[in-house]
Amino acid sequence: MVKSQGIFPCSCCSPVPACCVIDVCRMPYFMRLALFLFCLMALVESRKPRRKRWTGHLETSKPRSQAPEDAGNTVPCCEHIRQSSCSQEYVSHLYKKNLDVTKIRTGKPRPLLRVEDHDFTMRPAFGGPAIPVGVDVQVESLDSISEVDMDFTMTLYLRHYWRDERLAFPSSSNRSMTFDGRLVKKIWVPDVFFVHSKRSFTHDTTTDNIMLRVFPDGHVLYSMRITVTAMCNMDFSHFPLDSQTCSLELESYAYTDEDLMLYWKNGDESLKTDEKISLSQFLIQKFHTTSRLAFYSSTGWYNRLYINFTLRRHIFFFLLQTYFPATLMVMLSWVSFWIDHRAVPARVSLGIMTVLTMSTIITGVNASMPRVSYIRAVDIYLWVSFVFVFLSVLEYAAVNYLTTVQEQKERKLRDKFPCTCGMLHSRTMTLDGSYSESEANSLAGYPRSHILPEEERQDKIVVHLALNSELTSSRKKGLLKGQMGLYIFQNTHAIDKYSRLIFPAFYIVFNLIYWSVFS
């Protein structure tokens, strides 16, 4: 019990609550001020609402039991008690207002695909018969054909079809489930690869272009978008009038035909192509599929699928860049046959220019082609054209040489018979019966100013007739022996005359044979 004299305040102090059992009047002034501020702060804090995090269950505070009244006049300092008279309707309304069912965790849902319950490192039906895997391909584009590297680049959609009972799931609507590439790493998929491929990759923009679709009965569709660069064995013996057949080969890397049976799902219909596929140098003639078994001595037999396509080269580009320039150079070399043989700079420069141009054309064609060890069709045409151009240069060399030889012979005869003047055109003679009257008449036509005294006419006639007698004797010998070519070689103008006909005729015959064989 507290003594009564400590309960009542003095006359200088106002009454205080009953909880203060000490004599406040006797306390120092600053202590009384601190006690007053403490009680004021406790009263403010007690009137603030309490905030609690939602835990999924509605918690209602139990009403606190009132403290027994003190025998004295004691009053509690801070009172924050929920009244026990709150009705049950208020509690129900509070539950409905604050409860958010979307935030209530119901636990981890059970997955439809029980991936973690099976060992997917083994193929489906391991130990049983070979699992059939169907394949179909849709060619999106044929990007490039390289003759130098002898390969091609293709972008395609590769799809696999098989059944894996481990992926079956219950479904009332029989609807499939579609997944991206993340599930592929957790299940078994066929290990198909491209035989003779140089480079290949799966597109990954904006994410991996892989799709996996699983049906309730366990059937699986596995699709991916791939760009592959593969080898193509090309034959350039008819280039550029050639056709090439290339193949893209698919095969399982690890599973032999006893474990995995790879086949075209719909036969020839398994290969689809875009109608807009086109190439600058080739015309795509045909796409078709085949399949066969491939044997490796170390591992065994494997199923191999083939995507075959035939390409025919466009000839128009090569006509403009190769054949027409070569033909024009050959025709340009024939112009020298109409130029005077005494115009040496003109004919020599024309021949050299055509030869160098043909060499440039041949070099340009070989620079864009692989170095093969056999003769191509374009090589035949270019080298024959080069031979025609080179022969036109040799023709002028022959004409120039024969002209020089003939002039030297005439010069020797002039040195031997220094006087070569004419005689009266009205007179003919025969010297010792060695020259006919027609030969004597060939001296006619000289002007009278060239008439010399009688004693010199004998030597002049002999010189002139000696020059003509050499040609006449050669004609007679050629006619007797059947050698008409001797007259042609001695007459330089005749060589150019015959070349104007022979060169074009032989070149036209060559073109007829060439285009009939290689077209």
Side-chain angles (χ1 to χ4, degrees), residues 1-117 169-173 175 177-187 204-208 212:
M1 296 296 292
V2 183
K3 293 183 179 180
S4 59
Q5 70 265 10
I7 298 176
F8 298 103
C10 61
S11 60
C12 65
C13 298
S14 60
V16 295
C19 57
C20 299
V21 295
I22 58 178
D23 191 357
V24 180
C25 296
R26 296 181 179 180
M27 296 180 58
Y29 176 76
F30 68 92
M31 290 293 294
R32 285 181 287 172
L33 181 59
L35 181 61
F36 175 76
L37 293 176
F38 176 77
C39 293
L40 183 61
M41 293 177 59
L43 182 61
V44 173
E45 290 292 333
S46 63
R47 292 187 178 276
K48 289 184 178 181
R50 297 182 180 180
R51 297 180 181 178
K52 299 181 63 178
R53 294 185 60 184
W54 179 258
T55 58
H57 301 283
L58 182 62
E59 296 181 357
T60 58
S61 58
K62 297 181 180 180
R64 298 180 181 177
S65 58
Q66 294 182 355
E69 296 182 355
D70 198 354
N73 295 328
T74 59
V75 181
C77 297
C78 302
E79 179 181 0
H80 185 67
I81 304 174
R82 294 182 179 272
Q83 301 294 332
S84 60
S85 62
C86 294
S87 61
Q88 187 67 26
E89 290 79 2
Y90 176 77
V91 176
S92 177
H93 173 72
L94 184 61
Y95 181 84
K96 293 180 180 179
K97 181 178 180 180
N98 297 331
L99 180 61
D100 189 357
V101 294
T102 60
K103 297 182 179 180
I104 300 177
R105 300 181 62 183
T106 59
K108 184 178 180 180
R110 184 177 181 182
L112 293 177
L113 296 180
R114 299 182 298 274
V115 176
E116 298 178 355
D117 298 341
F169 62 92
S171 176
S172 58
S173 59
R175 297 182 60 181
M177 293 190 301
T178 303
F179 305 91
D180 56 13
R182 288 173 289 185
L183 184 61
V184 175
K185 300 178 181 179
K186 299 180 181 180
I187 66 173
D204 55 0
T205 306
T206 58
T207 183
D208 292 340
L212 190 69

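Because only heavy atoms are used, hydrogens play no part in the values below, and waters and symmetry mates are left out as well, while side chains stay in.
- For F179, the side chain to side chain contact (heavy atoms under 4.5 Å, CB included) partners at least two apart in sequence or on another chain are L113, M177, L183, L212, V214.
- Legend: residues meeting salt bridge (charged side-chain N to carboxylate O under 4.0 Å, His left out) with D208, ordered by chain and number and at least two apart, are absent.
- When the side chain to side chain contact (heavy atoms under 4.5 Å, CB included) test is applied to S173, the partners found at least two apart in sequence or on another chain are S171, R175.
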